[in-house]
Each structure stands twice: as structure tokens, then as C-alpha cells.
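Both counts, for ligands and for their atoms, begin at 1 and track the order of listing. Along the sequence shown, the residues carry numbers beginning at 1.
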Amino acid sequence: MKEVIKKRVLVTGGAGFLGSFLCEQLLHAGHDVLCMDNFFTGRKANIAHLMDNPYFELMRQDVTVPFYVEVDEIYNLACPASPVHYQFDPVQTTKTSVHGAINVLGLANRVKAKVLQASTSEVYGDPTIHPQPESYWGNVNPIGIRSCYDEGKRCAETLFFDYHRQHQLEIKVVRIFNTYGPRMHPQDGRVVSNFIMQALQGDAITIYGDGKQTRSFCYCDDLIEGFIRLMASDSSVTGPINLGNPGEFTMIELAETILELTNSSSELVFKPLPEDDPKQRRPDITLAKQHLNWEPQIELRAGLDKTIEYFDTLLSAGK
Ligand code: NAD
Ligand code: UDP
């Protein structure tokens with residue numbers, strides 16, 4: 001049997017939706033996991049089942065405040081991801097991305113840790129090239145209501161590459177496209193959780209704009225597999241590398257699929273389109289296939305079924 005070399009791994013934002021699955025997978029692979037979170041959007045419920053594991057440790061800490069720990073690898077996920085949450089305190093959002101990256105990179109440099117940044121398809125803004133390859137520099141409004149997130153993440157990427165060039169730090173930058181699944185916060189505000197909660201409760205499905213804008217939805221398990229493969233990849237693979245599911249759907253198609261899978265008769269209502277809402281988005285995953293031998297395995301309907309089951313259980317338990 002292949003022996004696992006136990007690594008000490010820091011996951012910032014580890015109590016969030018994606019972070020909690022990552023902590024779980026790393027423990028499963030035999031590593032020692034330090035989960036750091038300030039619980040802005042993360043929840044103890046996401047990691048409660050890990051608390052008895054002697055190789056899991058929880059640290060309440062804001063990533064914008066310097067911290068000192070001894071680790072071998074760092075996954076930097078700390079940052080609210082839902083537009084509703086990142087626009088709630090936009091100055092704090094930029095600080096989380098930029099000061100957070102500075103603190104994480106400073107730590108990685110001191111302890112010579114390998115470090116992965118959870119970047120985003122938002123670095124492409126409202127893209128004029130479709131689908132989006134990593135070579136595309138993007139079309140981002142620097143002064144709009146989404147800029148705190150988009151520009152914060154872009155600056156974090158800059159810092160990662162400057163630390164790599166200046167200090168030879170081993171970095172991995174992943175650009176995540178819309179990812180969904182169980183453990184999303186029911187009031188998260190993102191489209192998949194909104195539509196499922198609305199459909200299950202018989203409330204109107206809120207379509208922003210004409211509903212013809214597109215997104216590509218990746219199931220969380222597929223994404224976490226991509227994270228782990230990227231961290232394990234050759235040091236020459238720095239990214240940025242897109243991870244996402246190339247299946248592309250309009251918001252109306254998503255709503256109709258969710259109505260069908262939940263057997264709901266909720267009506268569709270149209271609301272104003274938020275400012276700077278990207279019109280289309282689909283990842284070009286050629287690089288992920290080439291370097292990580294990765295591509296998503298879970299189709300939208302199968303992933304939605306699992307997610308619907310999760311929210312249904314939450315609602316039945318009155319949570
Ligand atoms: P999430 O909101 O569930 O998780 C973010 C976590 O970071 C939460 O636990 C939150 O409490 C924590 N956090 C926020 N600010 C912090 C701070 N200052 N200090 C410490 N912890 C802090 O969102 P998610 O979907 O799990 O996203 C995780 C990461 O992936 C984020 O960096 C996000 O930008 C990135 N991402 C996610 C998606 C997606 O579709 N899920 C897409 C692109 C990028
Ligand atoms: N959206 C919607 N209804 C909702 C929530 C979102 O129509 O209740 C739309 C939103 O305008 C966007 C898309 O769904 O076009 C994806 O939004 P989300 O907030 O999930 O993520 P984004 O990709 O915009 O960051």
C-alpha cells in the first residue's frame with residue numbers, strides 16, 4: 001500500500017461551503033488540518049462532524065490580521081463568495097483578498113510552504129471572449145459594486161505571482177467558476193441556493209434581468225478533486241488554471257430544471273438585473289485537462305439532486 005506522507009495543511013475559510021469539503025478530503029487523505037475562519041459566512045455546522053478528529057484543529061482568526069503557524073501547505077479560501085455577502089462590507093472584502101493574500105504569502109515564505117489561491121472567474125469580469133481561457137485578461141469595471149471582489153481577487157493573483165518571481169515561492173492559482181452543492185448557506189443569495197430554497201418553499205423564483213444570462217455550474221466534489229490535483233502537481237504548474245464545468249445554462253433553464261427536480265409549481269418572477277452582472281460565462285478547461293488530467297464528472301441534474309436533498313433536510317429540521 002502507498003504510504004501517505006502526513007502534511008500539516010492550513011485551510012483559510014475552512015468553515016465555509018468549499019472549505020469544509022476540502023478539510024474533510026484532506027483529513028480523509030491522512031493529513032493534519034488546521035482550519036482558520038472568522039465565521040463571516042462560514043458555519044460551525046459545516047465542520048461540527050470533524051471536531052472529534054484529533055488531526056483537525058479549528059482557529060477563529062481573521063485572515064487580514066497576521067498569524068503565525070507552522071504548516072507545509074496552505075489553501076487560501078477566506079473570502080465571502082456570494083455577491084450579497086461580498087457587497088455587504090465592500091472595504092472589508094478588498095482587505096480580505098489583499099491583506100489576506102499578503103499575510104498568507106508572508107507566512108508561506110517564512111515557513112517555505114506551498115500555497116494555493118482560490119481565485120475566481122470574476123477576474124474575467126463581463127467577458128468579451130467566450131468561453132474564457134486563462135490567457136484572457138478580462139473586462140472588469142474597476143469602480144463598480146462588484147469591483148471589491150473582482151479587483152481584490154485580481155490583486156491577490158498579482159501578489160501570488162510577485163511572491164513566486166521575487167521569492168521563488170511555490171504557488172498554485174485556481175480560477176473557480178460557479179460551484180454549488182450541499183452546505184451552501186440557505187440565505188447565501190447565490191442563484192442555485194436561492195432557486196432551490198424558493199422552489200422547495202413554494203415561493204416565487206426570482207430571475208434577475210431577462211434570465212438569458214448564462215453561467216456554468218460545477219458540483220463541489222468535482223472542484224475539490226481539482227484543488228487536490230493542482231496542489232499535488234509539478235512545481236512548474238503555477239496556474240492560473242480554470243476549474244469549472246463547461247456545461248452552460250441560462251438562468252431560466254436553471255430555474256426550469258430546479259422546478260422539475262423539486263416537483264414545484266412556484267412561478268417565475270422577473271427582478272431588475274444587478275449592476276455589472278456578467279452576461280455569459282463558461283470555462284475553457286483545456287489546461288486543467290492537460291496538466292491535472294481533470295474534468296468534471298457530475299452532470300448538473302445529478303448535482304442538483306444532491307443539493308436539493310440537503311436543503312430539503314435542512315427545511316424539514318427547521319434549520
Ligand atoms: P463561503 O462564503 O461559504 O466561504 C468563505 C469562507 O471564508 C467562510 O467560511 C467565511 O467565514 C470565511 N471568511 C471570509 N472572510 C474571512 C476573513 N477575513 N478571515 C477569515 N475567514 C474569512 O464561500 P465558498 O463558496 O466556499 O468560497 C470559498 C472560496 O472560493 C472564496 O475565496 C471564493 O472567493 C472562492 N470562489 C468560490 C466560488 C464558488 O462558486 N463557490 C467561485 C469562485 C471563487
Ligand atoms: N440570479 C438570479 N436570481 C437570484 C440570484 C441570482 O437570477 O435569485 C442571477 C444573477 O443575476 C446572475 C446569476 O444568477 O446572473 C448568477 O448569480 P450568482 O449570485 O449565483 O453568482 P455570480 O456568477 O453572479 O457571481
Side-chain angles (χ1 to χ4, degrees), residues 11-23 35-44 46-47 59-65 67 75-87 89 92-97 99-101 103-104 116-123 126 146 149-150 152-153 156 174-181 183-185 188-198 203-220 223-224 227 242-245 249-252 254-255 268-281:
V11 180
T12 76
F17 157 51
L18 294 176
S20 61
F21 284 112
L22 177 62
C23 289
C35 166
M36 178 186 289
D37 209 293
N38 71 350
F39 295 102
F40 177 51
T41 52
R43 288 178 300 164
K44 287 215 176 121
N46 288 343
I47 47 165
M59 184 176 175
R60 184 187 280 268
Q61 166 82 35
D62 194 307
V63 79
T64 62
V65 178
F67 43 89
Y75 290 83
N76 187 35
L77 272 63
C79 187
S82 155
V84 176
H85 289 134
Y86 70 64
Q87 287 165 22
D89 185 349
Q92 182 61 24
T93 299
T94 304
K95 282 188 188 168
T96 294
S97 279
H99 293 194
N103 289 333
V104 160
L116 179 147
Q117 167 68 359
S119 191
T120 170
S121 53
E122 287 287 321
V123 302
D126 190 6
R146 293 175 84 101
Y149 184 74
D150 301 10
K153 290 281 189 181
V174 47
R175 292 183 178 155
I176 306 165
F177 284 65
N178 298 61
T179 301
Y180 69 98
R183 293 193 203 148
M184 290 183 90
H185 196 292
D188 181 87
R190 282 180 273 185
V191 69
V192 174
S193 45
N194 270 10
F195 285 4
I196 293 178
M197 287 295 286
Q198 290 161 345
D203 295 339
I205 307 284
T206 53
I207 309 264
Y208 300 161
D210 61 9
K212 291 187 183 140
Q213 70 273 36
T214 66
R215 293 293 186 275
S216 300
F217 298 102
C218 184
Y219 188 66
C220 50
L223 188 90
I224 301 301
F227 273 12
N242 289 338
L243 291 182
N245 191 320
F249 301 88
T250 66
M251 294 313 102
I252 291 190
L254 177 70
L268 306 187
V269 294
F270 291 83
K271 302 262 181 188
L273 187 70
E275 202 179 300
D276 291 341
D277 200 280
K279 285 182 271 310
Q280 55 180 2
R281 193 183 279 157

Atoms of ligand 2 less than 4.0 Å from [X] heavy atoms?
| X | answer |
| --- | --- |
| Asn194 | 4 (C), 5 (C), 8 (O) |
| Ile207 | 7 (O) |
| Pro83 | 19 (O), 25 (O) |

> Partners of Lys271 by salt bridge (charged side-chain N to carboxylate O under 4.0 Å, His left out), sequence neighbours excluded?
Replying inline: none
> What protein heavy atom sits nearest atom 10 (C) of ligand 2, and how far off is it?
Replying inline: Asp277 OD2, 3.4 Å
> Looking at atom 18 (P) of ligand 2, what's its closest protein heavy atom, distance included?
Replying inline: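 Of the protein heavy atoms, Val191 N, 3.9 Å lies nearest.
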With a heavy-atom distance limit of 4.0 Å, tell me whether [X] approaches ligand 2 through its side chain, its backbone, both, or neither.
| X | value |
| --- | --- |
| Arg215 | side chain |
| Asn178 | side chain |
| Thr206 | both |
| Met251 | side chain |

> Is the closest heavy-atom distance from Arg146 to ligand 2 below 4.0 Å?
Replying inline: yes
>> Any atom of ligand 2 sitting under 4.0 Å from a heavy atom of Lys271?
In response: no
>> At less than 4.0 angstrom from any atom of ligand 1, which residues have a non-hydrogen atom? List them by chain and residue number.
In response: Gly13, Ala15, Gly16, Phe17, Leu18, Asp37, Asn38, Phe39, Phe40, Thr41, Gly42, Gln61, Asp62, Val63, Leu77, Ala78, Cys79, Pro80, Ala81, Thr96, Ala118, Ser119, Thr120, Tyr149, Lys153, Ile176, Asn178, Thr179, Arg190
> So does Glu122 pair up with Arg146, basic N to acidic O under 4.0 Å?
Replying inline: yes
